[in-house]
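Taking it in order: structure first as structure tokens, then the write-up.
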Amino acid sequence: MKKLLVYIIPVLFIVVVSCSKTPKERVLTMKDVFPTQTNTDSTFVFSFDTIYGFKDVPEKCKYYEEIVSKNQFIRLRNIDLSINLSLVISCHLPTFCPKEKNTLWLEGDFKEAKTFFEDNQVLTVEILEEYLQKQLLNWGKDSRYSDNPKKNLIIVRYRNFEKKSKERISKALDTISVSYFNFISSFQKENIDSLKNIYPLQILLEPDFRQFDKDGNIIHHKPPPPTPIEIVE
């Protein structure tokens with residue numbers, strides 16, 4: 001009996017100690033939600049820093065159209081953010097018009113990025129998180145919001161890519177990425193790819209087709225056609 005106890009007691013001790021330990025919860029990171037991408041036949045990745053201005057080069061139309069046909073990612077603050085560049089680098093005018101309830105317009109190139117969602121508000125993580133909750137989780141319950149999360153589109157407008165403008169656009173994209181990260185984190189699930197598929201983050205970087213005077217007021221006459229941006233490889 002004593003020999004049996006000698007073996008049983010250590011085993012019971014190990015069981016008790018192991019049961020008392022609670023497994024550490026895995027902390028979700030930005031890299032989990034926005035993993036590093038690589039350039040392939042179907043993926044185009046470029047750094048935000050490589051955009052340096054406008055370039056109207058008709059002979060590059062074929063090159064631009066090849067990029068548009070790929071999945072596009074913009075590298076910003078060490079994360080790769082899925083983005084749509086169709087209206088930026090395409091050699092043709094836009095061919096679609098998204099419904100207002102499916103779209104959030106962000107004025108990224110102003111002194112402070114603003115949103116036209118409900119009220120003209122200065123863009124913050126809190127405001128955008130609230131928007132994502134209402135839009136992506138609506139599923140047709142409220143006619144004011146998107147009836148399908150895959151139709152939701154965030155359009156970031158810009159007027160130019162000079163130094164100050166780039167800083168403001170970069171800040172707007174940062175706010176979007178943090179807000180979306182918080183949205184995904186709220187589910188407390190590890191299947192990130194599945195969540196991103198159900199609730200995709202779809203961003204369109206679009207030239208502002210309007211014209212402005214030196215004080216930033218809109219000039220109400222027909223603007224010239226937009227020119228594509230130049231990306232340094």
Report task. Using the side chain to side chain contact (heavy atoms under 4.5 Å, CB included) rule, take Val178 and Asn182 through it: C-alpha gap first, then chi angles, then the decisive distance, then the call. Result -> CA-CA 6 Å; Val178 172; Asn182 292 344; 3.9 Å; yes

Query raised in the report: Is it true that the side chains of Arg75 and Thr50 contain a donor and an acceptor less than 3.5 Å apart?
Result: no

Query raised in the report: Hey, are the side chains of Ile176 and Val156 touching, using non-hydrogen atoms and a 4.5 Å cut-off?
Result: yes

Report summary line: So CD of Gln202 and CD1 of Ile155: to nearest 0.5 Å the spacing works out to 11.0 Å

Requested in this report: For residues Ser179 and Leu132, determine if any side-chain heavy atom of one lies less than 4.5 Å from a side-chain heavy atom of the other.
Outcome: yes

Requested in this report: Flag yes if Ile184 and Ile79 sit in one hydrophobic cluster, no otherwise; membership is Ile, Leu, Val, Met, Phe, Trp, Tyr, and two members link when side-chain heavy atoms are under 4.5 Å apart.
Outcome: yes

Requested in this report: Report the C-alpha distance between Glu129 and Ser186 in whole Å, list the side-chain angles of each, state the deciding distance to 0.1 Å, and finish with yes or no for side chain to side chain contact (heavy atoms under 4.5 Å, CB included).
Outcome: CA-CA 11 Å; Glu129 273 189 62; Ser186 68; over 6 Å; no

Report task. Using modelled atom types only, decide if a donor and an acceptor are shared between the side chain of Asn39 and the backbone of Val45 within a distance under 3.5 Å. Result -> yes

Query raised in the report: Would Lys171 and Glu167 pass as an ion pair if we require N to O under 4.0 Å?
Result: no

**Report entry** Among Asn152, Thr103, Asp142, the one residue meeting side-chain hydrogen bond (donor to acceptor under 3.5 Å, both in side chains) with Gln135
**Finding:** Asn152

Query raised in the report: Side-chain contact, heavy-atom cut-off 4.5 Å: Gln37 with Ser82?
Result: no

Query raised in the report: Is the Phe34 ring parallel, tilted or perpendicular to the Tyr180 ring (thresholds 30°, 60°)?
Result: tilted

Query - Whether over 12 other heavy atoms sit under 6.0 Å from Lys99 NZ - result: no

Query raised in the report: How many angstroms lie between atom OG of Ser177 and atom CG of Leu81, to the nearest 0.5 angstrom?
Result: 6.0 Å

Requested in this report: Hey, can you tell me if Phe187 and Phe183 have their rings parallel, tilted or perpendicular (30° and 60° cut-offs)?
Outcome: perpendicular

Report summary line: One should read off an interatomic distance between Asp49 CG and Ile74 CD1, to the nearest 0.5 angstrom, of 9.0 Å

Requested in this report: Scan side-chain atoms only and decide if Asp32 and Thr29 contain a donor-acceptor pair under the 3.5 Å cut-off.
Outcome: yes

Requested in this report: Hey, could you give me the OH/CD distance between Tyr199 and Gln133, rounded to the nearest 0.5 Å?
Outcome: 9.5 Å

Requested in this report: Identify the heavy atoms of Asp41 and Lys70 that sit nearest to each other, and give their distance.
Outcome: O-CE, 3.4 Å

Query raised in the report: CG/Asn148 to CG/Leu136 distance, rounded to the nearest 0.5 angstrom?
Result: 10.0 Å

**Report entry** Check: Lys150 side chain, Pro200 main-chain N or O, donor-acceptor pair, under 3.5 Å
**Finding:** no

Query raised in the report: Should Val33 and Phe73 be counted in the same cluster of Ile, Leu, Val, Met, Phe, Trp and Tyr side chains packed under 4.5 Å apart?
Result: no

Query raised in the report: Checking side chain to side chain contact (heavy atoms under 4.5 Å, CB included) for the pair Lys31/Asn78: CA distance, chi angles, key distance, verdict?
Result: CA-CA 9 Å; Lys31 276 288 188 181; Asn78 202 35; 3.9 Å; yes

**Report entry** Spatial distance of atom CD1 (Ile83) from atom CG (Leu204) [nearest 0.5 Å]
**Finding:** 8.0 Å

Query - Check against side chain to side chain contact (heavy atoms under 4.5 Å, CB included), Thr43 and Thr38 - result: CA-CA 7 Å; Thr43 303; Thr38 56; over 6 Å; no

Query raised in the report: Judged by atom type as modelled, is there a donor-acceptor pair below 3.5 Å linking the side chain of Glu130 to the main-chain atoms of Glu126?
Result: no

Requested in this report: Look at the side-chain heavy atoms of Ile, Leu, Val, Met, Phe, Trp and Tyr, link any pair under 4.5 Å apart, and say whether Phe181 and Tyr131 land in one connected group.
Outcome: yes

**Report entry** Nearest atoms (heavy-atom pairs only) where Asp147 meets Lys101
**Finding:** OD2-NZ, 4.0 Å

**Report entry** Test item: Phe48 and Ile169 side chains (from C-beta on) under 4.5 Å apart, heavy atoms
**Finding:** yes

Query - Side-chain heavy atoms of Leu173 within contact of Ile203, under 4.5 Å - result: yes

Report task. Report yes or no: do Asn102 and Ser146 form a side-chain donor-acceptor pair below 3.5 Å? Result -> yes

